[in-house]
Number of protein chains: 2
Amino acid sequence: METWKKFEQNVVSHSAAHHLMAISELLASNGYARVTDVARRLDITRGSASITLKALRERGLVVEDENKFLHLSEQGRELANLIQSKRKILITFFHEILGVPEDAAETDACKIEHLISEETGEKLLAFIKFLMSGSKKADELLKAFNNYQLECGDISSCHLCFDDCFLHDHDQDNVE
Amino acid sequence: METWKKFEQNVVSHSAAHHLMAISELLASNGYARVTDVARRLDITRGSASITLKALRERGLVVEDENKFLHLSEQGRELANLIQSKRKILITFFHEILGVPEDAAETDACKIEHLISEETGEKLLAFIKFLMSGSKKADELLKAFNNYQLECGDISSCHLCFDDCFLHDHDQDNVE
DNA sequence: GACGTTTGTTTGGCTATTCAAACAATACGG
DNA sequence: CCGTATTGTTTGAATAGCCAAACAAACGTC
């Protein structure tokens, strides 16, 4: 399978992920979640929410009351938590560590939260924990990175020109 | 506009991005790129490629010869390079720095390369450059992170439980 | 020049996601 | 009991991608 086709092969789609998280958040804030509440929260029509939620019910991620109240199954809850964790990890990394403005960080995180693997999420979490552990080494490095960014002026002078920098270092390691 | 709806609002879709990159790579490796070549490279039918490439032609990202040979417009080339740069940056970060296995890093990068903003890409590039600059501080930190990872054993013991760790540090800063 | 291959396009079908609009069921007020 | 509002579902239409299959044009071979 070509790598690029794996884009669609995720546990849940972006839309489905947000339906699950909407239920989770509504339960936490309002105590209940119905089709209408999910639709309102996601700013889509009740019809759309109804259909998507029906599919999630059939997949066993969402459960419905006798009274039409929606709940997450154990599996659904785990999935929602997983994605929410990834989002928080990404926002923290982009904003707190890289210094991307908060709203841009949130947009980027929202786009990719349901796409990154558990493995990458875990490693990134470990990295963030390490950098924010308060250890002298980490603090110094973060400070140094801030200065480095300032020195570079607008890093935009570089404009994502990755190639020139150090891409082939590895190949050339052997050549030396 | 709800943040979560921005998922679809990108310069190009995942599919379109890969059509552009396929042309770019085919031109580099074979010297030419036709509809059939793009289709073969992406492992889709010629029909699908034909339609997607037609749309890209209409958007001015792809140009066609008198002889049906495909080329990228200036804009198309820039876009392809941008996305390719982001992919390389992401792979480097996931694999070289976080220690995610190479194929997992590539899969993750492929999924999100066309989604992250220029700003995040630039900051991430700066961060990578800084960490891989060979400076003593950076090297020590990377080594320390590796040890940290080993100590934690399988970080899976933590399982993306972001919340407990330090999420609310900021709110609590003020409380003290 | 007839036959087979390659190439590019078009068509019909499928899935997922959205909307708008129609509809049914339930509930509340008077 | 009638009218109105709320809720949830269904239906028809749109878009984006994909496939399979049919098709036309061009090229090669003998």
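All values below come from the heavy atoms of this structure, side chains included, with hydrogens, waters and symmetry mates left out. Per chain, numbering begins at 1; letters A, B, ... match sequence-line order.
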Whole angstrom value for the distance that separates [atom2] of [N] from [atom1] of [X]:
X: Ile44(B); N: dA20(D); atom1: CD1; atom2: C1'; answer: 14 Å
X: Arg59(A); N: dA16(C); atom1: CZ; atom2: P; answer: 10 Å
X: Phe69(B); N: dT6(C); atom1: CZ; atom2: P; answer: 16 Å
X: Gln9(B); N: dA16(D); atom1: CD; atom2: P; answer: 14 Å
X: Asp37(A); N: dG8(D); atom1: CG; atom2: C1'; answer: 12 Å
X: His18(A); N: dT17(C); atom1: NE2; atom2: P; answer: 13 Å
X: Asp65(B); N: dG8(C); atom1: CG; atom2: C1'; answer: 15 Å
X: Arg40(A); N: dA5(D); atom1: CZ; atom2: P; answer: 15 Å

*Do Leu26(B) and Ile44(B) sit in the same hydrophobic cluster, where Ile, Leu, Val, Met, Phe, Trp and Tyr count as joined when their side-chain heavy atoms come under 4.5 Å apart?*
yes
*Path from Leu142(B) to Leu124(B) over hydrophobic side-chain contacts below 4.5 Å*: yes
For [X] and [N], is the shortest distance between a side-chain N/O and OP1 or OP2 below 4.0 Å?
X: Ser48(A); N: dC19(C); answer: yes
X: Ser15(A); N: dT18(C); answer: yes
X: Arg34(A); N: dT7(D); answer: yes
X: Thr36(B); N: dT6(C); answer: no
X: Lys54(A); N: dT10(D); answer: yes
X: Ser50(A); N: dT9(D); answer: yes
X: Lys68(A); N: dT9(D); answer: yes

From the set [options], return the single nucleotide nearest to any side-chain atom of [X].
X: Thr52(A); options: dT17(C), dT18(C), dT11(C); value: dT18(C)
X: Arg46(A); options: dT7(D), dT9(C), dG17(D); value: dT7(D)
X: Thr45(A); options: dT9(C), dG8(D), dC19(C); value: dC19(C)
X: His19(A); options: dT18(C), dT11(C), dT9(C); value: dT18(C)

_Both Asp43(A) and Asn67(B) contact DNA chain C. Taking the nearest nucleotide for each, which residue is further toward the 5' end?_
Asn67(B)
*May I ask you to decide if Arg34(B)'s main-chain N or O and Asp37(B)'s side chain share a donor-acceptor pair within less than 3.5 Å?*
yes
_Could you report the tightest heavy-atom contact between Thr3(B) and Cys110(A), atom names first, then the distance?_
CG2-CB, 3.9 Å
*Side chains of Pro101(B) and Glu119(A): closer than 4.5 Å at any heavy-atom pair?*
yes
_Whichever of Arg57(A) and Lys5(A) has its nearest DNA chain D nucleotide further upstream toward 5'_ = Arg57(A)
_Which label fits Phe145(B) and Phe127(A): parallel for a plane angle under 30°, tilted from 30 to 60°, or perpendicular past 60°?_
perpendicular
